[in-house]
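Order of appearance sets the numbers: ligands from 1, and atoms from 1 within every ligand. Just so it is clear, the values below take in all heavy atoms, side chains as well, and ignore hydrogens, waters and symmetry mates.
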Amino acid sequence: MRASDLEQDFDRVLFTQEQVEARVAEVAAQIDADYEGRDILMVGVLNGAVMTLADLCRSMRSHMTMDWMAVSSYGAGTKSSGVVRILKDLSGDIEGKDVLIVEDIIDTGLTLSYLVQNLRSRGPKSLEIMAMFRKPEALTSPVDVRYVGFDIPNEFVVGYGLDYAGRYRNLTDVATLAPHVYA
Ligand code: 5GP
């Protein structure tokens, strides 16, 4: 779905599908250069990072495997509950592996701080983070993010995996919602 398919639901398009694709390719090239000759275990955070991980790994030339985690975040609202819970753990062991966490968006940083702490205790060889979007103004739990797609203003956005009440993940552009959608 493009933003133009459902124009009345969106206030503003922040990034078009083409801009997202171009940026993902740039980040993929950066990852390839940094991990040259190494196997990467990409850990996607469900459900938001599905599109990012799928596109990122297909743009990469490095060998990679993938695993997924699900953690609680916003539920159906647009504000963080402040509580992080593991809903689905990894299927495999990460000990001694080069792990790259792939996250959709960093808002407060709470989710990632928790994830990093949790995964670090499992003894990976290395642990880095790729986040497709980051809201620098909202960052209250600072996390060391190696790769960022785009820094965005402190607004609630949907598309490219990001939802509102489960919807809009299949929007290929990234947009803010029109006020009537929240009502
Ligand atoms: P944090 O723990 O950094 O505050 O929040 C991270 C999670 O909150 C993200 O993985 C995502 O699920 C959700 N989130 C944060 N900001 C947004 C946003 O602007 N739009 C959507 N759809 N989800 C967001």
At a 4.0 Å threshold, what atoms of ligand 1 neighbour a non-hydrogen atom of Leu162? 21 (C), 22 (N), 23 (N)
Proximal atoms of ligand 1 relative to Glu103 (non-hydrogen, under 4.0 Å): 10 (O)
Heteroatom proximity flag, Val157 to ligand 1, N/O under 3.5 Å: yes
Assess Gly109 for proximity to ligand 1: is some non-hydrogen atom of it under 4.0 Å away? yes
For ligand 1, which atoms have a heavy atom of Glu155 less than 4.0 angstrom away? 19 (O)
Pick from Arg38, Arg120, Arg146: which one makes a salt bridge (charged side-chain N to carboxylate O under 4.0 Å, His left out) with Glu128? Arg146
Could you list which atoms of ligand 1 come closer than 4.0 Å to a heavy atom of Asp163? 21 (C), 22 (N)
Ligand 1 atoms in contact with Thr111 (distance to a heavy atom under 4.0 Å): 1 (P), 2 (O), 5 (O), 6 (C)
Is it true that Arg122 and Asp93 have a side-chain N and a carboxylate O under 4.0 angstrom from each other? no
Salt-bridge criterion met for Glu21 and Arg58 (N-O under 4.0 Å): no
Can you see which heavy atom on Leu119 is nearest to which on Ile94, and at what distance? O-CD1, 3.5 Å
Going by the atom numbers of ligand 1, which of them fall below 4.0 Å from some non-hydrogen atom of Lys135? 16 (N), 17 (C), 18 (C), 19 (O)
Please identify which of these residues, Asn47, Val50, Val45, meets the side-chain contact (heavy atoms from CB on, under 4.5 Å) condition with Trp68. Val50
Is it the case that one hydrophobic cluster holds both Tyr164 and Ile105, taking links as side-chain heavy atoms less than 4.5 Å apart, direct or via other members? no
Donor-acceptor pair between Ser62 and Asp32 side chains, under 3.5 angstrom: yes
Give me the ring orientation class for Tyr160 and Phe133: parallel if the planes are under 30° apart, tilted from 30 to 60°, perpendicular past 60°. perpendicular
Could you check whether any heavy atom of Phe156 sits closer than 4.0 Å to an atom of ligand 1, since that is the contact criterion I want to use? yes
Atoms in ligand 1 with a heavy atom of Thr108 nearer than 4.0 Å: 1 (P), 2 (O), 3 (O), 4 (O)
Distance filter under 4.0 Å to Asp104 heavy atoms, resulting ligand 1 atoms: 9 (C), 10 (O), 11 (C), 12 (O)
